[in-house]
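Right, one structure below, let's go through it.
Because only heavy atoms are used, hydrogens play no part in the values below, and waters and symmetry mates are left out as well, while side chains stay in. Within every chain, numbering begins at 1; the chains are lettered A, B, ... in the order of the sequence lines, protein sequences first and strands thereafter.
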Amino acid sequence: MNKKYWLFKAEPHIYGVDHLNAAPEKIGRWDGIRNYQARNFLRDQVAIDDEVFIYHSSCKQVGIVGTAKVIKAAYPDPTQFNLESDYYDPKSTPENPRWVSVDIQLTHTFPRLITLAEIKAQPALENMVLVKQGRLSTQPVTKDEWKFILKMILK
DNA sequence: GCCAACGTTGGC
DNA sequence: GCCAACGTTGGC
């Protein structure tokens, strides 16, 4: 099974690299995904040992802030059953859950943030889903894009 | 199944 | 706060 690469978006004030860094073993549950296209990636394709860019959206500095690896594949997102949660979904049942989570472990916090503007300025990245389809919170990244972005940190 | 109205995401 | 680009809902 080939390792795959992903980009997960989050609003940093809700859940981001800081939360993962503060967690035991830097492990966290990626939950609250309520978009079918994103859900399908999480449920059907995201696998253990896949690597993930953590992206901060809707904030002052939008961009990629670090990497994580998947340590647990899709399982029912517990927040969908929690009446107290913003992510509660009355149409979801334990027998037939709609939404899934994965667990990830932070592997690197970048020494600097790679901004969306930088990414957009790179011809090599013009086909990234991030560039072509703005609104998608869980998206695939190609191996070439992954390697290219890691090199950008050194510049 | 179509499509208008409405809601959300997310950059700027 | 604005607005473009989606996604969702609901009448028919």
Remaining members of hydrophobic cluster (4.5 Å side-chain criterion), A:F81: none
Test question: given the 4.5 Å side-chain rule for I, L, V, M, F, W and Y, name all other residues clustered with A:L83, or answer none. A:Y88
What pairs with A:E145 under side chain to side chain donor-acceptor pair (under 3.5 Å), at least two apart in sequence or on another chain? A:T142
For A:F41, give me all partners under ring pair (Phe, Tyr, Trp, His ring centres under 6.0 Å), at least two apart in sequence or on another chain. A:W6
Heavy-atom contacts under 4.0 Å between residues 77-89 of chain A and DNA chain B, which residues? none
For A:E11, give me all partners under side chain to side chain donor-acceptor pair (under 3.5 Å), at least two apart in sequence or on another chain. A:H13
Contact check, side chains of A:K143 and A:N2, non-hydrogen atoms, under 4.5 Å: no
Pairs satisfying side chain to side chain donor-acceptor pair (under 3.5 Å), at least one member in residues 30-39 of chain A, at least two apart: A:R29-A:D31, A:R34-A:D77, A:R34-A:T79, A:Y36-A:R98, A:Q37-A:Q133
What pairs of donor and acceptor atoms, side-chain ones from residues 52-72 of chain A against any protein atom, are under 3.5 angstrom apart with sequence neighbours left out?
| unit_1 | atom_1 | unit_2 | atom_2 | d |
| --- | --- | --- | --- | --- |
| A:H56 | NE2 | A:V17 | N | 3.2 |
| A:T67 | OG1 | A:T107 | OG1 | 2.9 |
| A:T67 | OG1 | A:H108 | N | 3.3 |

Whether each nucleotide of nucleotides 6-12 of chain B has a protein heavy atom under 4.0 Å at its base (B), only at its sugar-phosphate (S) or at neither (-) is summarised, 5' to 3', as -BBBBSS
List the residues meeting side chain to side chain donor-acceptor pair (under 3.5 Å) with A:T109, not counting sequence neighbours, and say none if there are none. A:N21
For A:Q139, which residues count as a side chain to side chain contact (heavy atoms under 4.5 Å, CB included) partner, sequence neighbours excluded? A:L7, A:K9, A:V129, A:L130, A:L136
Five pairs at each end of the helix from B:dG1-C:dC12 to B:dC12-C:dG1: take the axis at both ends and give me the angle between them to 10°. 10°
